Each structure stands twice: as C-alpha cells, then as structure tokens.
Visitor: 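This is the structure I have questions about; it appears just below.
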Number of protein chains: 2
Amino acid sequence: MRIGELAKRARTQVETIRYYERVGLLPEAARTEGNYRVYGDRHVERLSFIRHCRELDMSLDEIRVLLRFADAPDASCAGVDALLEEHIAHVTHRIETLQNLKRQLQNLRKACPVAKDVRQCGILNELSAHAQKMPDTPAQHVGGTHGIRKGLSGSVKK
Amino acid sequence: MRIGELAKRARTQVETIRYYERVGLLPEAARTEGNYRVYGDRHVERLSFIRHCRELDMSLDEIRVLLRFADAPDASCAGVDALLEEHIAHVTHRIETLQNLKRQLQNLRKACPVAKDVRQCGILNELSAHAQKMPDTPAQHVGGTHGIRKGLSGSVKK
DNA sequence: CTTGACCCTGTAGCCGCTACAGGGTTTTTA
DNA sequence: TAAAAACCCTGTAGCGGCTACAGGGTCAAG
C-alpha cells in the first residue's frame, strides 16, 4: 500500500506520516521504482499506536520511549507503567493549574458586573495593577489553553 | 529607564520585550543617542498588564483586543467582559478534555497491573489496538499537556 | 495524449517565546 | 586613562507537532 492508503487506515494525514519518518518515529519506508513509499500492515499498526498515544496527549518523546519498549519484546514492561504514571501526573498537574486559573478569571470577571466605560472597568483596572501576589504558575511540562492541536481532528483551513 | 530595568520591573525577559515590540504589543520605544530603547512608567504598566494576561493564559491575540479596549477609554467595557467569558469557556473546555484523558489513562494503566514481559503487557497491547471508539478529542483552541511554557517562570537553561 | 489522482522533496509558517552570534555603548573598576 | 564588565543592539535559528504550500514527477483511465 502507498502512503495515501496508510494515511486513511491510520486516520492520519499524509504529511504527518512523512513527518514521523523524518523525525524517526516510523522507519524509512521501502520505495517503488517510481520512488513511492510502500507500506505493509505492520506500518498501519505502528502508526495507529502512535496516533493513539497522541490522542492521549503524550509527547513524541514519550511515544519514542514506548516504541522502544514495544520493539524489545523480552524486556519487562515495568517501565511502560512508570511512563504512564508520570504522564498521568503531568495531566493531573495541568488540570490543577487550569482550575486555579479559572478561579482567578472568574474573580476577575466579578470586578466589573455591569458595562461601564473603559476608564471605570474593574477588569481592566485589575489587570493593570501589578500582579505581584500571583503564585507563579509552576508551568513545567504543560501546554497552554490555546493553540489548536491541529493533528487531531482540527482540520483548520486556508 | 532602559530595557533591562523595564524587564526587572515587569518581571519579564529582555528578549520578550523586544519580541512584544516586534509583534506590535508594545509601541516602538524612543531611542538614546547610542540607539538604546528608553522607557517610562507607562511602559511598565502596559507590560505588566500584558504579563498579567499571559499568566491568565490568554493568547497574544486576546491581549491585543484587551489593549485596544484599554486604549479607547470612552468605549464601553462590555466587550472586555465578553472576551473574558469566552476565555473562561476555553479553559473550562480544556479542563474537561484533560479529565477525560486522565480517566482513559487510568483505565489503560489497569490493563497491566503487574510487570510482565512486553509481549504480554496489557498497556502496549491496548495502545496497539486500533483506537476506533475514542470520542475524537474536539481539540479546538486548546493546548497540549506538554511543552513547557517558558515565558512564565520556566527558566530552562542551556 | 491528456486529464486527474496520487506521489515526491523542500521550505516556510503557526505560537510565544528563548538563545544564540557578532557586534556596539556605557559604566565600573584597577 | 585604559581595560574589563555590564549592558545594549540586530538578526537569525530553534522548540513541538505538525500544516500548507510550491514546483515538480508517476501512473492509470478515458
């Protein structure tokens, strides 16, 4: 099968497959005479594995580690569990941070319950005040609220 | 004051200030004879405003909108409140997504409660299975679990 | 023999910075 | 007064995880 069919079967985009090959998540594919990549079922499986991990918000580095485990069938899988546990910790931490954030935003919103002119707007005033007491978003290993994850369903056009 | 002091006062990095100037969040600064940027207290205020918004995980685009409000003191501040409400919705949505994710990860972890060899590892096996039933992470306007937010406290070296 | 679907490589862009390289200017110290 | 240190400048490249071109080549059907 060629790259287009692999893409369909693993619900990926063609460019993403080439990208994964470039960064070493997928092995270099064999080629036809016309220089087209050719794939087999094992590639579908590996790519689905990667995509599944991405849906679980793992980083490509984490996935690389998992793939190394999967490629060494005699090793113990204790490390797999450990990686998962750590990943869960990241997610948990991110949830806490965001809940904190949400609370602050809601408080901020209370500062201006009715539409006035900008000069008197409590929200803008609070934002202008030096935000000294904020408990320093710890922020390791954690992404933002924004910035569309294009890889998974997003399909943002033009 | 020069850029270094502004950075200290607004708890930012010098490069970030230049970056904000480049992308139009801060106006172009006046210069000394030696071509150094010079700032006043108004700049400290504006930069603190921006940083405060960033701590609340707003995107630079959202901040741009807020700044436009702040710069038009006679307009109504209704839009400010609306923007905030929308931003809270983003955050809420992201929290829900992550909670979903966490549940899935915890289930996955149950699939392999004891260390075996990789061949029998329930986690890897589940990840290999085609993940058809996943409720398609909606994923608009939402960042990942990973990918250090360097701007806020991170200070990642070398 | 042309159309169109598919494929190729390579490069640039997204966000919000960070981190250089390779210079210039100002301040402090010896 | 000169040298060293601290600060500043511009410009460019990099991070992750892709996406989206441009500008071509290949292959099957009509």
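Quantities reported herein were computed from a predicted structural model and do not represent experimental measurements. Because only heavy atoms are used, hydrogens play no part in the values below, and waters and symmetry mates are left out as well, while side chains stay in. Every chain is numbered from 1 and lettered A, B, ... according to where its sequence line falls, protein lines coming before strand lines.
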Visitor: So does A:R51 get a side-chain nitrogen or oxygen closer than 4.0 Å to the phosphate oxygens (OP1/OP2) of D:dC18?
Guide: yes
Visitor: When you measure only distances, ignoring hydrogens and angles, does the side chain of B:Y36 come within 3.5 Å of the base of C:dT26 through a donor and an acceptor?
Guide: no
Visitor: For C:dC15, does either OP1 or OP2 sit under 4.0 Å from a side-chain N or O belonging to B:R54?
Guide: no
Visitor: Could you tell me the separation between the CE atom of B:M58 and the P atom of C:dC17, rounded to a whole number of Å?
Guide: 14 Å
Visitor: Tell me: CG of B:L26 to P of C:dG16, nearest whole Å?
Guide: 14 Å
Visitor: So which atom in B:A7 and which in B:Q13 form the shortest heavy-atom distance, rounded to 0.1 Å?
Guide: CB-C, 4.2 Å
Visitor: Rounding to an integer number of Å, can you tell me how far B:R2 CZ sits from C:dT25 C1'?
Guide: 8 Å
Visitor: Are B:Y36 and B:I3 linked, directly or through other ILVMFWY residues, by side chains that come within less than 4.5 angstrom of each other?
Guide: no
Visitor: side-chain hydrogen bond (donor to acceptor under 3.5 Å, both in side chains) with B:Y39: which residues, sequence neighbours excluded?
Guide: none
Visitor: Rounded off to whole Å, could you give me the CD1-to-P distance for the A:I3 and C:dA5 pair?
Guide: 19 Å
Visitor: OP1 or OP2 of C:dT18 less than 4.0 angstrom from a side-chain nitrogen or oxygen of B:T16, does that happen here?
Guide: yes
Visitor: A:E21 CD to D:dG17 C1': how many Å, rounded?
Guide: 16 Å
Visitor: To the nearest Å, how far apart are A:I63 CD1 and D:dC18 P?
Guide: 8 Å
Visitor: Between protein and nucleic acid, restricted to nucleotides 9-11 of chain C and to nitrogen or oxygen atoms under 3.5 Å apart, what atom pairs and distances do you find?
Guide:
from: C:dT9; atom 1: OP1; to: A:R31; atom 2: NH1; distance (Å): 3.3
from: C:dT9; atom 1: OP1; to: A:R31; atom 2: NH2; distance (Å): 3.0
from: C:dT9; atom 1: OP2; to: A:R37; atom 2: NH1; distance (Å): 3.0
from: C:dT9; atom 1: OP2; to: A:R37; atom 2: NH2; distance (Å): 2.8

Visitor: Quick one: do A:R68 and A:D71 make a salt bridge, cutoff under 4.0 Å?
Guide: no
Visitor: It should be established whether B:Y20 places a side-chain nitrogen or oxygen under 4.0 Å from OP1 or OP2 of nucleotide C:dC17.
Guide: yes
Visitor: Please tell me whether A:V23 and A:L47 are part of a single hydrophobic cluster in this structure, the criterion being side-chain heavy atoms less than 4.5 Å apart.
Guide: yes
Visitor: Does CZ in B:R31 sit with more than 12 non-hydrogen atoms of other residues, nucleotides or ligands closer than 6.0 Å?
Guide: yes
Visitor: Quick check: on DNA chain C, is the nucleotide nearest B:G34 upstream (toward 5') of the one nearest B:I50, or the reverse? Name the residue that is more 5'.
Guide: B:I50
Visitor: If the test is salt bridge (charged side-chain N to carboxylate O under 4.0 Å, His left out), which one of A:K8, A:R9, A:R2 qualifies with A:E5?
Guide: A:R9
Visitor: To the nearest angstrom, how far is A:E62 atom CD from D:dG17 atom C1'?
Guide: 14 Å
Visitor: What's the CG-P distance between B:D61 and C:dC17, to the nearest Å?
Guide: 12 Å
Visitor: Counting only side-chain nitrogens and oxygens, does A:Q13 get under 4.0 Å of the OP1 or OP2 atom of D:dT19?
Guide: yes
